[in-house]
Structures are given as structure tokens and as C-alpha cells.
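Single-structure report; data block below.
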Amino acid sequence: MKKIELRKKYKSLRRLLNQDQIEAQSITIANQLLTLPIWDYSFYHLFLTITSQHEVNTDYILNILSGKDKNIVVSKSNFTNNTLTNYLLTDATTFKLSDYNIPEPIDGIEILNHNIDVVFVPLLAFDLKGNRVGYGKGFYDNLLASCKPNTLKVGLSFFEAEAEIEDVFDKDIPLDYCATPKQVYKF
């Protein structure tokens, strides 16, 4: 399938999930992450859940990262140039919902992209090669392109892999792993 078809399909499938299913599957995904060899790094970029989009609830991953005393990086979106500005999450960080219902830090200690070791990547769908389909604005492709080459890219999905995304572009950056409620994919 092509990205536009996959976006439509998986947005629709997500809307069918009720809050109890989202919470239960989000906990299972967070527990799946514990099996990965990703916990010896320092800086972890975590997207904050857009609840209106029925995304994976990343609060459970946030708790794991906090319990492991990791540096957690959260971002603010710039829709003019489709980039993310990243901030260290601290006790003093305050959040505001953006015009797109994205929880974002108001300000804080800026973290440069090349300092990020692991990025938890939001997605709608992914394939068996680690290619992903996001919302189509390129925020995470731009972020990942400016991270160091060995930055780990970990997708989070309620659904299993598609066989193939037909219209992958040269600038699309594939995942290293993707965690679903049923399994972890390694690419």
C-alpha cells in the first residue's frame, strides 16, 4: 500500500480503539521495550501523546525512563519549517497544548539533536523493513536526519507490520526497532 492509503487505514483503526484498549496496549508496549538493548544510553527523546489522535500513551515509557534515571528529551513543533526544538524534561518543565493538541514544553534547557541517543518515534504504520508512515509533515525525518548516525530509532505501534510501504523516499529514515503489543521487530 502507499502512504496515503496507510494513513487513512490506520487513523481509522486507531479511532476504533477505546480508552481501556489504548491503556492496556500502551502498558504492554512499554513492557516490550524492556526487552530491548537500548537502556545503556543517556538521552532519550520521547514524544508526548496526542490523546485526540488515539496514540500510544507514552506516560508508561516516561515512568520507565524516570525510574532508570535517564535524561528525557521532549519537543516543541515548528510548523513553519517542520522541525522540532528539543528540551530536557525537568521538574520545572511546564507544558501547554499547541493549536494541534500536542503537549509541548513552554521553554527549558535546549538539547541539540546530535546529543540524542534514542528516539521513540510516533507512527501510524510500518513495514517489515522498518519503514514507517507518520502524519506526513516530516518532523521526525527532519529530526532523525540531524541526529548522530548511530542514534537508535524505536517505533511504537498498536498494530503489526505491513508487508511493504510502496512509496518510500530516499530521505525516509527507517527504524531500528518497533514495539507492538504482540512483539518487537528488529530491522
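Rounding to the nearest 0.5 Å places CG of Leu16 at 8.5 Å from CD of Gln21. Here the straight-line distance linking atom OG1 of Thr94 with atom CG of Asp107 works out to 6.0 Å at 0.5 Å rounding. Considering CG of Leu48 and CD1 of Ile102, their distance stands at 10.0 Å, rounded to 0.5 Å. Atom OG1 of Thr151 sits about 9.5 Å away from atom CD1 of Ile173, to the nearest 0.5 Å. Separation of atoms CG (Asp69) and CG (Leu65) is listed at 10.5 Å; rounding is to 0.5 Å. Once rounded to the nearest 0.5 Å, the distance linking CD of Glu162 with CZ of Arg132 reads 15.5 Å.
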**Message:** Under the criterion side-chain contact (heavy atoms from CB on, under 4.5 Å), I'd like the reasoning laid out for Leu33 against Val154: C-alpha separation, chi angles, the key distance, then a yes or no.
**Reply:** CA-CA 9 Å; Leu33 294 173; Val154 182; 3.7 Å; yes
**Request:** With side-chain contact (heavy atoms from CB on, under 4.5 Å) as the test, would you mind laying out the steps for Gln25 and Leu17 before giving the verdict?
**Result:** CA-CA 10 Å; Gln25 291 184 34; Leu17 297 173; 4.1 Å; yes
**Request:** Please test Val74 against Asn86 for side-chain contact (heavy atoms from CB on, under 4.5 Å), starting from the C-alpha separation and ending with a verdict.
**Result:** CA-CA 6 Å; Val74 293; Asn86 301 303; over 6 Å; no
**Request:** Just do the side-chain contact (heavy atoms from CB on, under 4.5 Å) check on Leu46 and Val73 with the steps written out, would you?
**Result:** CA-CA 6 Å; Leu46 183 65; Val73 179; over 6 Å; no
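Thr93 is linked by a side chain to side chain donor-acceptor pair (under 3.5 Å) to Thr90, counting only residues two or more places apart in sequence or in another chain. A search for ring pair (Phe, Tyr, Trp, His ring centres under 6.0 Å) contacts involving Tyr10 returns Phe159, not counting sequence neighbours. Residues that satisfy the salt bridge (charged side-chain N to carboxylate O under 4.0 Å, His left out) test with Asp127, not counting sequence neighbours, are absent from this structure. Asp117 is linked by a salt bridge (charged side-chain N to carboxylate O under 4.0 Å, His left out) to Lys148, counting only residues two or more places apart in sequence or in another chain.
The nearest pair of heavy atoms linking Lys68 to Leu34 is CE-CD2, 4.1 Å. Minimum interatomic distance between Asn142 and Asn81 (heavy atoms only, all atoms of both residues): ND2-O, 4.0 Å. Between Pro181 and Gln32 the shortest heavy-atom distance is O-NE2, 3.3 Å. Closest non-hydrogen pair, Ile22 versus His54, comes out as CD1-ND1, 3.7 Å. Looking at every heavy atom in both residues, Gly155 comes nearest to Leu123 through CA-CD2, 3.7 Å. Ser77 and Leu84 get closest at one heavy-atom pair: OG-CD2, 3.6 Å.
Judged by distance alone, the side chains of Asp172 and Asn131 never bring a donor and an acceptor atom under 3.5 Å apart. When only modelled atom types and interatomic distance are considered, Asn57 and Ser26 share no side-chain donor-acceptor pair under 3.5 Å. Looking only at atom types and distance, the side chain of Ser157 has no donor-acceptor partner in the side chain of Thr180 under 3.5 Å away. Of the N and O atoms on the side chains of Glu104 and Tyr87, not one donor lies less than 3.5 Å from an acceptor on the other residue.
With hydrogens and angles ignored, the 3.5 Å screen pairs no side-chain donor or acceptor of Lys182 with any backbone N or O of Glu160. Between the His114 side chain and the Cys147 main chain, no donor and acceptor come within less than 3.5 Å of each other. Remark: the backbone N or O of Val56 is paired with a side-chain donor or acceptor of Thr49 at under 3.5 angstrom. In this structure a side-chain-to-backbone donor-acceptor pair under 3.5 Å is missing from Lys129 to Ile165. Side chain of Glu5 to backbone of Lys2: a donor-acceptor contact under 3.5 angstrom is found. Judged by distance alone, with hydrogens and angles left aside, the side-chain atoms of Asn82 form a donor-acceptor pair with the main-chain N or O of Lys137 at under 3.5 Å.
Judged as a ring pair (Phe, Tyr, Trp, His ring centres under 6.0 Å), the pairs with a partner in residues 130-158 (not counting sequence neighbours) are, in order, His45-Tyr140, Phe79-Phe139. Evaluation of the ring pair (Phe, Tyr, Trp, His ring centres under 6.0 Å) test over residues 168-187, restricted to residues two or more places apart or in two chains, returns Phe126-Tyr185.
A continuous path of ILVMFWY side-chain contacts below 4.5 Å connects Ile109 to Leu89, so both sit in one hydrophobic cluster.
Counted within 6.0 Å of OH on Tyr100, heavy atoms from surrounding residues, nucleotides or ligands total 12 or fewer; the atom is thus considered open. Shown here is Asn150, whose CG atom has more than 12 heavy atoms of other residues, nucleotides or ligands within 6.0 Å. By the 6.0 Å contact criterion, CG on Leu97 is enclosed, its count of non-hydrogen atoms from other residues, nucleotides or ligands being greater than 12.
Looking at Thr35 and Val184, their side chains come closer than 4.5 Å, going by heavy atoms from C-beta outward. By the 4.5 Å heavy-atom criterion applied to side chains, Val121 and Leu156 are not counted as neighbours.
Taking a cutoff of 4.0 Å between a charged side-chain nitrogen and a carboxylate oxygen, Asp176 and Lys153 qualify as a salt bridge.
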